[in-house]
Every structure is written in structure tokens, then in C-alpha cells.
Amino acid sequence: MCLRKRSGYRPPDLLHAKIYTGPVPAERGGDLVMGGGRSETSALGGPGRGRGTTTTQNSQRPNACCFCWCCCCSCSCLAVRNEEERRRRRRRRRKSQDTNLETIPNCEACTKPSLEEIRLWSQSFDKLMRNPAGRNVFREFLRTEYSEENMLFWLACEDLKQEVNKSSIQEKARTIYEDYISILSPKEVSLDSRVREVINRKMQDPTPHTFEDAQLQIYTLMHRDSYPRFLSSSIYTSMIHGGSRTSSES
């Protein structure tokens, strides 16, 4: 007996095979959609349902601004990044325009410095700090470096030294401690642990010289760190050039 008949094998009937006559997949511009929308074909059996029904999700997909959804997403991300960059540039521009002496709160009253006075500021840090106009200009420079609290602390200590009333000394000392010494203050100055321990002991009975060690340390910090950069800054050099131009015209 033939092996095919024994195993029940029957060759496919190619003449009577059923041909699929359902709808063709959705097309875009004559080309088949590849990856844009997925078509699902399900052949449902039963009476009256000889043909398969096709459900297409192309109509449910949002229109992409580019070739695909990924490109649309990347375009949105680029727009967000560009907007954030514009905001950063506006903040930097406002900061650069906001560094005038008139905008500094509690600016010391002083007369306009002469060219000779301005040139003396470059000879020593002491001459700069003894001059009210020099302190104002140096404070403006510190503000551009986000270290204005050093000058504010130094000025507050100088004001405390002039106080003689006991209650006023205690109140001003407490204010200075909370504004510039406390670690919780946004204007905390940089002091070492030894100086902080001395201040904590002296705050039990404040005097006009409670912050003397801290004031000296901040003075030294401004002298060694900020003062050299101030002499080469555009704020100081523009004053030198402006004063020289004025004197030559007169």
C-alpha cells in the first residue's frame, strides 16, 4: 500500500482553493502604509460572514507634523528647549541691566568721585574701603558676583561699632547674626568654625565688638579674592576711561 494513503496524507487542492476577496489595506499616496497605522484582519466564521472584516486605526492616529510621530515629538522637545533658552537669556539680560548704583538698596550717600580718587582705589584695598564712593562701586561689583553679602556684613559691623545704647546693641547684634551668621540665612557669609564658636560665646552678652573677628575675616576675603578681579572688571575700567575722557575734554 502507498505510504501516502496509509498515513492519510492528501495533497492540497489548488484548483478549488478559496481566494481572499476582502478590502485591501489602507493606502497613502499610492503606497502601502508601513508602520504608520496597523490593520487587523479577522475572519469571522458563521452564516453570512464568509468574508473577513478589516479594522484600520489610521483614522484614530493624530496627524503628525513630520513624517512620523517620533519626529513630531522631537519637534515639540526642541520648541520647549528653545523657549527655556530664551527665558535664561532674558534673566541674564535683566541681571546685567540691574547692576547700577541707583538700584542698590541702602547705598551710602557720597559725592561723585574725581578721577584722582578713582585711581587711588587701585593703589590699595584700604584706600578703596575708606572712600564711601569706592565702597559703593565695589559693592556694585560684588553684586555682579553674587557676593554682596560680604560688604553688607562689613557695613553692618561698622554700624554696630558706633552704637552705645545697650538695648540697641543687643537688637543689632541679633539682626546681624540672623542675617549673616546663621546657616539658615540665604545671605550667610563664609566663616570658619573657630570664628563661629567665638561669635556664639559672645552672643550671650553682645557688645559693639562681638563680630570683630568675623569682620576681619570677611575683609581679608574681599581683599584677596574679590579686589583683584574688581581692578580688572569693566565697572572699574569704564570709570577710569570715563574720567580720563571728561578731564581731557575740559
Side-chain angles (χ1 to χ4, degrees), residues 91 94-96 98-111 113 117-236 239:
R91 285 196 295 267
R94 283 197 296 266
K95 290 177 182 177
S96 62
D98 216 14
T99 55
N100 298 321
L101 282 174
E102 292 77 7
T103 62
I104 300 179
N106 302 324
C107 186
E108 294 183 75
C110 62
T111 58
E117 288 180 306
I118 297 173
R119 286 175 175 170
L120 285 176
W121 299 346
S122 62
Q123 295 183 3
S124 70
F125 186 62
D126 293 337
K127 292 182 179 179
L128 171 68
M129 293 294 286
R130 290 197 200 104
N131 189 289
R135 291 194 296 268
N136 285 335
V137 176
F138 186 60
R139 179 180 169 186
E140 176 188 2
F141 169 74
L142 293 178
R143 193 183 188 201
T144 63
E145 290 199 336
Y146 304 98
S147 58
E148 184 187 8
E149 64 275 1
N150 292 333
M151 177 63 77
L152 295 176
F153 171 70
W154 189 88
L155 293 173
C157 293
E158 288 294 300
D159 180 63
L160 179 62
K161 291 178 180 178
Q162 309 301 322
E163 193 61 59
V164 294
N165 185 272
K166 182 68 174 177
S167 59
S168 298
I169 291 174
Q170 293 178 349
E171 182 179 355
K172 288 185 177 181
R174 179 181 55 81
T175 301
I176 292 175
Y177 187 91
E178 293 176 352
D179 288 346
Y180 305 107
I181 308 300
S182 173
I183 60 176
L184 301 178
S185 173
K187 297 185 294 183
E188 177 195 6
V189 295
S190 179
L191 299 172
D192 57 38
S193 58
R194 181 192 64 83
V195 174
R196 289 183 177 275
E197 291 176 1
V198 172
I199 292 175
N200 290 333
R201 287 197 303 266
K202 291 183 176 180
M203 280 300 295
Q204 298 176 4
D205 186 18
T207 67
H209 304 281
T210 297
F211 304 99
E212 200 167 41
D213 294 340
Q215 185 185 19
L216 177 60
Q217 192 171 85
I218 295 301
Y219 185 90
T220 305
L221 175 65
M222 292 189 294
H223 183 194
R224 295 179 178 177
D225 184 63
S226 303
Y227 178 62
R229 290 196 300 273
F230 166 74
L231 296 179
S232 59
S233 66
S234 60
I235 295 177
Y236 181 68
M239 294 187 69

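Heads up: numbering here begins at 1 and tracks the sequence. Just the heavy atoms: all of them, side chains too, but no hydrogens, waters or symmetry mates, feed the values below.
- Checked for salt-bridge contact, D179 and K172 miss the test: no charged N lies under 4.0 Å from a carboxylate O.
- Distance check, rounded to the nearest 0.5 Å: CG of N131 to CD1 of I118 gives 9.5 Å.
- Here CD of Q170 is found 9.5 Å from OG1 of T210. Values are rounded to the nearest 0.5 Å.
- Residue E171 qualifies as open at atom CD: its count of foreign heavy atoms under 6.0 Å is 12 or below.
- A salt bridge does not link E197 with R194: none of the charged nitrogens is closer than 4.0 Å to a carboxylate oxygen.
- Here the closest heavy-atom approach between residue Y236 and residue S122 is recorded as OH-CB, 3.4 Å.
- We find the SG-OH distance between C157 and Y180 to be 9.0 Å, quoted to the nearest 0.5 Å.
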* To do: Take E158 and K161 through the salt bridge (charged side-chain N to carboxylate O under 4.0 Å, His left out) test and state the conclusion after the steps.
  => CA-CA 5 Å; E158 288 294 300; K161 291 178 180 178; 3.5 Å; yes
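- Across every non-hydrogen atom of L128 and G134, the tightest pair is CD1-O, 3.3 Å.
- The main-chain N or O of D192 is found under 3.5 Å from a side-chain atom of Q217 such that the two form a donor-acceptor pair.
- The CG atom of L216 sits 12.0 Å away from the NE2 atom of H223 when rounded to the nearest 0.5 Å.
- Classification of the F138-F230 ring pair by plane angle, with boundaries at 30° and 60°, yields perpendicular.
- For the pair F153 and K187, the minimum side-chain heavy-atom distance is 4.5 Å or more.
- Closest approach of I169 to P206, counting heavy atoms only: CG2-O, 3.9 Å.
- For the atom pair S233 OG and Y227 OH, the distance stands at 11.0 Å (nearest 0.5 Å).
- Side-chain atoms of W121 and L231, non-hydrogen and from C-beta on, never get closer than 4.5 Å to each other.
- Under the 4.5 Å side-chain criterion, counting only non-hydrogen atoms from C-beta, W154 is in contact with Y219.
- For the atom pair M203 CE and I181 CD1, the distance stands at 9.0 Å (nearest 0.5 Å).
- A heavy-atom distance below 4.5 Å is found between the side chains of P113 and M239.
- In this structure, the side chains of V189 and L221 stay at 4.5 Å or more apart for every pair of heavy atoms.
- Using a 4.5 Å heavy-atom threshold, the side chains of L155 and R135 count as touching.
- A salt bridge does not link E212 to K202: none of the charged nitrogens lies less than 4.0 Å from a carboxylate oxygen.
- The heavy-atom pair separating A156 from I176 by the smallest distance is O-CD1, 3.6 Å.
- Using a distance-only test at 3.5 Å, with no hydrogens or angles considered, no donor-acceptor pair links the side chain of R139 to the main chain of L152.
- Contact annotation: the side chain of M151 approaches that of M129 to within less than 4.5 Å [non-hydrogen atoms, C-beta and beyond].
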